[in-house]
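All values reported here derive from a predicted model rather than from experimental measurement. All values below were derived from every heavy atom in this structure, side-chain atoms included, with hydrogens, water molecules and symmetry-related copies excluded.
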Amino acid sequence: MMIKKICCLGAGYVGGPTCTVIALKCPDIQVVVVDKSETRIQQWNSAILPIYEPGLDEAVKKSRGRNLFFSTDVDSAIKEADLIFISVNTPTKTYGFGKGRAADLRYVEAAARRIAEVAVGKKIVVEKSTVPVKAAESINKILRANMRPNVSFQVLSNPEFLAEGSAVNDLLNPDRILIGGDQTSEGKEAIEKLCWVYKHWIPEKKIITMNTWSSELSKLAANAFLAQRISSINAISAVCEATGACVSEVAHAVGTDSRIGPKFLQASVGFGGSCFQKDVLNLVYLCECLNLPEVANYWYQVIEMNQFQRTRFVRRITEKLFNTVTDKKIAIFGFAFKKDTGDTRESAAIYVCKHLLEEGAHLSIYDPKVNAQQIIHDLTRPDITEEPEKVLQLLSFHQTPYSASEGAHAVVICTEWDEFLHLDYKKIYNSMLKPAFLFDGRKMLNVEELLAIGFQVETIGRKTTRNNVNRGVADCIL
Ligand code: NAD
Ligand code: UDX
């Protein structure tokens with residue numbers, strides 16, 4: 001049996017782009033992406049997709065209606081498919097056992113139960129969602145306990161490594177494809193079939209196969225290592241700010257060691273996104289359950305350092321603004337958790353804004369891809385504020401960074417959008433109250449140029465504010 005039809009449960013940031021690329025590269029396969037959310041499916045079928053990713057619009061246009069379909073008819077798609085991806089959300093649990101740590105597997109379980117209920121014939125079920133080790137075993141148990149005659153299942157783990165903002169490119173040119181499965185002949189046969197799908201565009205040497213548990217753990221470990229690198233360089237950035245060392249120079253020196261490498265050493269206001277915190281916590285919980293408290297504590301430090309970095313940045317803003325931001329206007333440049341995405345999940349901007357709002361600052365926010373509705377949703381959540389009405393009064397939303405910063409005491413860069421590199425900072429400076437402060441949470445702007453304009457500049461991992469107004473050079477290079 002060759003794979004002729006694929007179904008994907010979950011039309012989110014992973015399911016949508018992944019299936020779009022599969023459909024693009026495998027014209028011989030029909031791909032149906034289903035979701036329980038009607039709105040999401042309508043958006044996928046419209047001119048404005050539910051998510052922004054460079055290159056995604058063009059890729060969807062090429063395949064949609066040909067061999068790529070978006071539908072809410074979950075049952076028909078399951079019945080017809082040879083291979084079913086489970087690509088549903090696995091957020092951190094907010095209730096019960098493991099609250100705040102463990103992955104909430106209720107959506108994965110619901111998906112597995114739906115498959116068990118309606119599937120006919122031979123199915124390969126692929127766990128694409130990020131899950132704790134042994135989740136595939138639970139899916140297997142649910143499928144087998146509900147098995148009807150003439151139905152058979154093989155469960156594979158095939159974690160996704162795409163990063164938002166570069167999803168299409170990551171899917172077209174991944175570092176590797178990871179597939180885990182049972183080491184039985186049926187398991188190996190299923191692995192081969194999934195390999196066949198990827199081999200349409202990915203060289204065989206990039207496809208790694210292993211046992212299911214290794215595959216599940218590899219995904220958690222990879223995200224934990226990446227997050228750990230950011231927390232490590234952020235920890236060093238605090239030392240830089242206190243000493244006059246420059247974190248970019250330190251990162252360069254450290255990263256040129258070929259054993260360490262240069263990537264993921266950008267100090268920042270802290271990592272965000274739906275994955276790093278959730279997956280590290282997932283690993284921490286796993287270690288706690290395995291009675292490995294030292295290992296759990298080790299990884300938990302990565303999260304604590306990230307929280308420290310965000311808080312430290314806001315404290316610095318408040319201190320530099322003469323220890324009070326109450327009633328001051330502060331322009332927030334960027335709200336997404338990184339550039340080239342409209343996603344705000346766990347964005348550092350949320351926490352920066354939360355602290356500033358608690359101090360009574362007026363925030364004027366500009367982000368090229370995040371709309372006001374999303375920002376209001378994020379900043380009035382019960383875990384962010386107990387006073388949503390007050391927060392609403394302190395917020396304003398802008399179509400340009402220039403109008404956001406007009407009459408402001410400070411500009412705070414939270415997302416490294418490329419367009420922030422090319423703004424007319426002289427114009428911004430002229431329209432602000434003086435002294436005009438600029439806090440660069442992404443370490444992206446040329447400090448000397450800003451100082452020359454007249455800004456008081458604070459950037460991550462560098463000691464920069466002029467103590468002497470006549471001195472045009474940064475303390476960093478003294
Ligand atoms: P998402 O929230 O964007 O999308 C999940 C979708 O699944 C939602 O639209 C939801 O309505 C749908 N859904 C939930 N239960 C369903 C069901 N039973 N049947 C049909 N649809 C259902 O989530 P995402 O960001 O795409 O993440 C999905 C998984 O992939 C998570 O486990 C995540 O950890 C992992 N992952 C995400 C990324 C990323 O960059 N976002 C990268 C790698 C891995
Ligand atoms: C991450 C992983 O990179 C990806 O492999 C996995 O599949 C999902 O989780 P994502 O969260 O989409 O992807 O984006 P990523 O580029 O990893 O950035 C995460 C956060 O770390 C962002 O807030 C980013 O700004 C921040 N970051 C990244 C840094 O602060 N410094 C860096 O050097 C790199």
I'd like to check the side chain to side chain contact (heavy atoms under 4.5 Å, CB included) partners of Leu445; sequence neighbours left out, ordered by chain and number. Ile413, Leu421, Tyr425, Leu438, Asp440, Leu450
Side-chain touch Phe313/Val412, heavy atoms, less than 4.5 angstrom: yes
Could I get the full list of ring-ring contact (aromatic ring centres under 6.0 Å, His included) partners for Phe225, not counting sequence neighbours? Trp299
How about Glu304 and Gln307: does a side-chain donor come under 3.5 Å of a side-chain acceptor? no
Can you find a heavy atom in the side chain of Phe397 that is under 4.5 Å from one in the side chain of Ile376? yes
Sorted by chain and residue number, the ring-ring contact (aromatic ring centres under 6.0 Å, His included) partners of Tyr198 (sequence neighbours excluded) come out as Trp201
For the residue pair Lys199 and Ile207, establish whether any side-chain heavy-atom pair is separated by less than 4.5 Å. yes
Smallest heavy-atom separation, Ser157 atom then Thr212 atom, equals CB-CG2, 3.9 Å
Heavy-atom pair of closest approach, residues Asp340 and Pro54: O-CD, 3.7 Å
Given side chains that start at C-beta, do those of Asp424 and Tyr402 come closer than 4.5 Å, heavy atoms only? yes
Can you name the ring-ring contact (aromatic ring centres under 6.0 Å, His included) partners of Phe335, sequence neighbours left out? none
Sorted by chain and residue number, the side chain to side chain contact (heavy atoms under 4.5 Å, CB included) partners of Pro382 (sequence neighbours excluded) come out as none
With Lys278 as partner, the option from Thr90, Thr130, Thr92, Asn89 fulfilling side-chain hydrogen bond (donor to acceptor under 3.5 Å, both in side chains) is Thr90
Close side-chain approach of Met210 to Ser218, heavy-atom, < 4.5 Å: yes
Whether the Ser214 and Asn211 side chains hold a donor-acceptor pair (N or O, under 3.5 Å, no angle test) is what I'd like checked. yes
So which atom in Thr385 and which in Val391 form the shortest heavy-atom distance, rounded to 0.1 Å? OG1-CG2, 3.6 Å
For the backbone of Gly461 and the side chain of Ser237, can you confirm whether one donor and one acceptor N or O come within less than 3.5 Å of each other? no
For Cys26 and Asn67, which heavy atoms make the closest approach, and how far apart are they? O-ND2, 3.1 Å
Rounded to the nearest 0.5 Å, what separates atom OG in Ser364 from atom CD1 in Ile332? 7.5 Å
What pairs of residues pass the side chain to side chain donor-acceptor pair (under 3.5 Å) test when at least one of them lies in residues 27-48, not counting sequence neighbours? Asp28-His200
Counting only N and O atoms by type, is there a donor-acceptor contact under 3.5 Å from the side chain of Glu53 to the main-chain atoms of Gly165? yes
Only counting residues at least two apart or in another chain, list the ones meeting salt bridge (charged side-chain N to carboxylate O under 4.0 Å, His left out) with Arg229. none
Pair up each side-chain donor or acceptor in residues 69-77 with any protein partner under 3.5 Å, not counting sequence neighbours, and list the distances.
residue	atom	partner	partner atom	Å
Ser71	OG	Asp73	N	2.8
Asp73	OD1	Ser76	N	3.2
Asp73	OD1	Ser76	OG	3.1
Asp73	OD2	Ser76	OG	2.6
Asp75	OD1	Arg114	NE	2.9
Asp75	OD1	Arg114	NH2	3.4
Asp75	OD2	Arg114	NH2	2.8

Below 4.0 angstrom, N of the basic side chain to O of the carboxylate: do Lys339 and Asp418 qualify? yes
In short, Gly98 meets Tyr285 closest at the heavy-atom pair CA-CE1, 3.4 Å
Could you go step by step and tell me if Glu346 and Arg310 meet the salt bridge (charged side-chain N to carboxylate O under 4.0 Å, His left out) rule? CA-CA 12 Å; Glu346 285 303 321; Arg310 292 167 178 164; 3.8 Å; yes
Are Ile86 and Val125 side-chain neighbours, meaning at least one heavy-atom pair lies under 4.5 Å? yes
Quick check for you: to the nearest 0.5 Å, what is the distance between Lys369 atom NZ and Thr344 atom OG1? 15.0 Å
Any side-chain heavy atom of Phe333 within less than 4.5 Å of one from Ser405? yes
Identify every side-chain donor-acceptor pair in residues 103-112 under 3.5 Å, counting partners at least two apart or on other chains, and give the distances.
residue	atom	partner	partner atom	Å
Asp104	OD1	Tyr95	OH	3.0
Asp104	OD1	Arg106	N	3.1
Asp104	OD2	Tyr95	OH	3.0
Asp104	OD2	Arg106	NE	3.1
Glu109	OE2	Arg113	NE	2.9
Glu109	OE2	Arg113	NH2	2.9

Can you check whether Lys122's main-chain N or O pairs, donor with acceptor, with Ser152's side chain at less than 3.5 Å? no
Using the side chain to side chain contact (heavy atoms under 4.5 Å, CB included) criterion, which residues pair with Lys134? Sequence neighbours excluded. Glu137, Trp213
Counting C-beta onward and ignoring hydrogens, is there a side-chain heavy-atom pair between Thr18 and Leu171 closer than 4.5 Å? yes
Nearest heavy-atom contact between Phe161 and Ala222 is CE2-CB, 3.9 Å
What donor-acceptor contacts under 3.5 angstrom involve side-chain atoms of residues 3-16, with partners at least two apart or in another chain?
none

Calculate, to the nearest 0.5 Å, the distance between atoms CD1 and CG belonging to Ile350 and Leu357 respectively. 11.5 Å
Can you sort out the partners of Phe276 under ring-ring contact (aromatic ring centres under 6.0 Å, His included), two or more places apart, ordered by chain and number? Phe271
